[in-house]
Amino acid sequence: MLTGKSVFNQSGTTEFVFRVFTTVPEFQALLFLLFLLLYLMILCGNTAIIWVVCTHSALHTPMYFFLSSLSVLEICYTTDVVPLMLSNIFGAHKPISLAGCGTQMFFFVTLGSTDCFLLAVMAYDRYVAICHPLHYSLIMTKKLCVQMVMGSLSLALFLSLQLTALIFTLPFCGHDREINHFLCDVPPVLRLACADIHVHQAVLYVVGILVLTVPFLLICISYVFIASTILRMRSAEGRQRAFSTCSSHLTVVLLQYGCCSLVYLRPRSSTSEDEDRQIALVYTFVTPLLNPLIYTLRNKDVKGALKNSIFHKAV
C-alpha cells in the first residue's frame with residue numbers, strides 16, 4: 001500500500017477528473033450560460049455592496065463592515081469554484097493535479113468556514129445593538145470588529161489546513177479517479193481513497209461540528225435574547241425596525257447552515273454523491289447571490305445609498 005509520503009512524491013502524476021453534468025451539447029451550453037450568468041450576478045451584487053459601504057460614511061458602522069466582509073468572502077468563495085467548474089462543463093475531461101485539488105479544497109474549506117463564523121459574529125453584533133444599545137459604540141469598537149473578522153479567518157485557516165493535510169496523506173490508487181462533483185470537496189475526494197478512512201471521516205465530522213453546529217448554537221442563543229428584547233419594546237416602529245435587520249440575517253443563516261449541514265453532518269450511509277452535488281449548487285450559487293439581494297431589498301440604508309450613487313452617476 002502507498003504511504004502518504006509516496007503519494008506526495010507522485011503528485012506530478014496523480015490526477016483527478018470531475019464528472020460532467022451532462023453529455024448533451026445543448027444542455028452543456030445552457031448550463032454554461034446559466035452558471036456564468038449567476039457568477040457574474042454574484043460578482044456584481046457583492047461588489048456593489050462593498051463599494052457602497054466603502055464610499056458612504058453613513059454606512060461606516062460595524063454591521064455594514066461585517067456585511068462588506070461577507071461580500072468579499074462570497075466573491076472569493078465562488079471564484080475558487082466557478083471558473084474551474086465552467087471549464088469542465090463541456091464533455092472533455094480536463095484533469096486536475098493532486099496539488100491543484102488540494103489547493104482548491106483548502107481555499108474552499110477556509111472561505112466556507114470563515115463565512116459560517118462571520119455569520120455568528122454578525123448575530124453577536126445584532127445582539128449588542130438591540131439588547132445593549134446604549135453601550136453599543138463602546139463594545140463594538142473598530143478594533144474589536146477587525147479582530148473578530150481576523151479571528152474568524154485565522155480559525156478557519158487552522159481547521160482547513162489540518163483537514164486538507166490529513167486528507168491528502170491518503171493514497172489515491174487505481175485508474176478511476178473521477179470525482180463525482182464539480183469541485184474538490186472533502187466527501188467526494190474521501191470516497192476515492194484506497195485506504196481506511198474512518199479516522200478521516202471522524203475528523204471531518206468534528207470539524208463540521210466546530211464550523212456549523214457551534215456557531216449555529218451561538219446564533220440561536222443570541223436570537224433568544226434578541227427576541228426577548230424585541231417583545232419588550234413599547235414602540236411598534238422600533239420592533240419592526242429591529243425585526244427587519246434581524247430577519248435578513250436569519251434568512252441567510254438558515255439557508256447557509258441548512259445546506260452545509262445536509263452535506264457535512266449527515267451520516268455517510270444516508271447520503272448520495274448526486275444529492276451532495278445538488279445541495280452544493282445551492283451554497284455555491286444561491287446563497288452568495290441571495291446575500292446582496294436580501295440585504296439590499298430589506299435594508300433601507302443600503303437601498304438609499306445605492307439610489308443616491310446611481311442618481312449622482314446619472315447626473
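When reading the values below, keep in mind they use all heavy atoms of this one structure, side chains included, and skip hydrogens, waters and symmetry mates. Note that the structure is predicted; figures quoted are calculated from it, not measured.
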(request) Indicate yes or no: at least one non-hydrogen side-chain atom of V17 is less than 4.5 angstrom from one of R177. (result) no

(message) Under 3.5 Å, is there a donor on one side chain and an acceptor on the other for E74 and N291?
(response) yes

(message) Quick check on the hydrophobic clustering: are Y64 and L144 connected, directly or via other members, by side-chain heavy-atom contacts under 4.5 Å?
(response) yes

(request) Return the orientation label for the Y264 and Y283 ring planes: parallel under 30°, perpendicular over 60°, tilted otherwise. (result) tilted

(message) Strictly distance-based, threshold 3.5 Å: is any side-chain N or O of Y124 a donor or acceptor partner for the main-chain N or O of S222?
(response) no

(message) Within this structure, what is the CD1-CD1 distance for the pair I96 and I179, rounded to the nearest 0.5 Å?
(response) 7.0 Å

(message) Looking at V53, is its backbone amide N or carbonyl O close enough to the side chain of H60 to form a donor-acceptor pair, meaning the two atoms are under 3.5 Å apart?
(response) yes

(message) Check whether S87 reaches the backbone of L84 with its side chain - one donor and one acceptor, N or O, closer than 3.5 Å.
(response) yes

(request) Establish whether L290 and L37 are linked, either directly or via other cluster members, by ILVMFWY side-chain heavy-atom contacts under 4.5 Å. (result) yes

(request) Kindly work out whether a path of hydrophobic side-chain contacts (I/L/V/M/F/W/Y, heavy atoms less than 4.5 Å apart) joins F182 to V24. (result) no

(message) Starting from I139, can I reach L118 by hopping between I/L/V/M/F/W/Y residues whose side chains sit under 4.5 Å apart?
(response) yes

(request) Flag the pair L159 / S113 as yes when at least one side-chain heavy-atom distance between them is below 4.5 Å, and no otherwise. (result) no

(request) Verify the cluster assignment for L86 and F27: are they in a single hydrophobic cluster under the rule of side-chain heavy atoms below 4.5 Å apart? (result) no

(request) Go through V186 and L190 one step at a time and tell me if the side chain to side chain contact (heavy atoms under 4.5 Å, CB included) criterion holds. (result) CA-CA 6 Å; V186 179; L190 273 179; 4.0 Å; yes

(message) Between R126 (side chain only) and I226 (backbone N and O only), is there a donor and an acceptor less than 3.5 Å apart?
(response) no

(request) Measure up the H135 and H132 rings against each other and bin them: parallel (under 30°), tilted (30 to 60°), perpendicular (over 60°). (result) perpendicular

(request) Assert yes or no for the condition that the ring centre distance of F21 to F35 is strictly below 6.0 Å. (result) yes

(request) Report the C-alpha distance between F18 and M85 in whole Å, list the side-chain angles of each, state the deciding distance to 0.1 Å, and finish with yes or no for side chain to side chain contact (heavy atoms under 4.5 Å, CB included). (result) CA-CA 9 Å; F18 298 103; M85 173 188 176; over 6 Å; no

(request) Using atom types as modelled and distance alone, determine if a side-chain donor or acceptor of T169 lies under 3.5 Å from a backbone N or O of L166. (result) yes

(request) Decide yes or no for L157 and L153: does some side-chain heavy atom of the first lie under 4.5 Å from some side-chain heavy atom of the second? (result) yes

(request) For residues V282 and C259, report the shortest heavy-atom separation together with the two atoms involved. (result) CG1-SG, 3.4 Å

(request) Could you tell me which non-hydrogen atom of T78 sits nearest to which non-hydrogen atom of P83, and how far apart they are? (result) O-CD, 3.8 Å

(message) Tell me yes or no: SG of C101 and SG of C184, less than 2.5 Å apart?
(response) yes

(request) State the CZ-CG distance between F158 and L210, to the nearest 0.5 angstrom. (result) 10.0 Å

(request) Hey, could you give me each pair passing side-chain hydrogen bond (donor to acceptor under 3.5 Å, both in side chains) that has a residue in residues 30-39? Not counting sequence neighbours. (result) Y39-T79

(message) Using the side-chain contact (heavy atoms from CB on, under 4.5 Å) definition, which of the options T164, D80, I167 pairs with F106?
(response) T164

(message) For a 4.5 angstrom cut-off between non-hydrogen side-chain atoms, does D115 reach L70?
(response) yes

(message) Main chain of M140, side chain of D125: is a donor-acceptor contact present, judged purely on distance under 3.5 Å?
(response) no

(request) Check F16 against L98 and note the closest heavy-atom contact, atom names and distance. (result) CE1-CD1, 3.6 Å

(request) Could you pull out the closest heavy-atom pair between P215 and Y257, with the gap in Å? (result) CB-OH, 3.2 Å

(request) Enter the distance from L31:CG to L36:CG here, rounded to the nearest 0.5 Å. (result) 12.0 Å

(request) Please report the closest heavy-atom contact between A156 and T110, naming both atoms and the distance. (result) CB-O, 3.4 Å

(message) Please give me the minimum heavy-atom distance between P133 and I130, naming the atom from each residue.
(response) CD-O, 3.6 Å

(message) Tell me whether the count of non-hydrogen atoms from other residues, nucleotides or ligands lying under 6.0 Å of CZ in F65 goes above 12.
(response) yes

(request) Side-chain contact test, heavy atoms from C-beta onward, threshold under 4.5 Å: evaluate it for V121 versus F117 and give yes or no. (result) no

(request) Test side chain to side chain contact (heavy atoms under 4.5 Å, CB included) on Y127 and I221 and set out the steps. (result) CA-CA 10 Å; Y127 160 75; I221 293 171; over 6 Å; no

(request) Mind checking the NE2-CG spacing from H200 to L163? Nearest 0.5 Å is all I need. (result) 9.5 Å

(message) Just verifying a value: how many Å separate L119 CG and T114 OG1, rounded to the nearest 0.5 Å?
(response) 11.0 Å

(request) Mind checking the CG-CG spacing from L43 to L38? Nearest 0.5 Å is all I need. (result) 11.0 Å

(message) Restricting to side chain to side chain donor-acceptor pair (under 3.5 Å), what partner residues turn up for T284, sequence neighbours left out?
(response) none

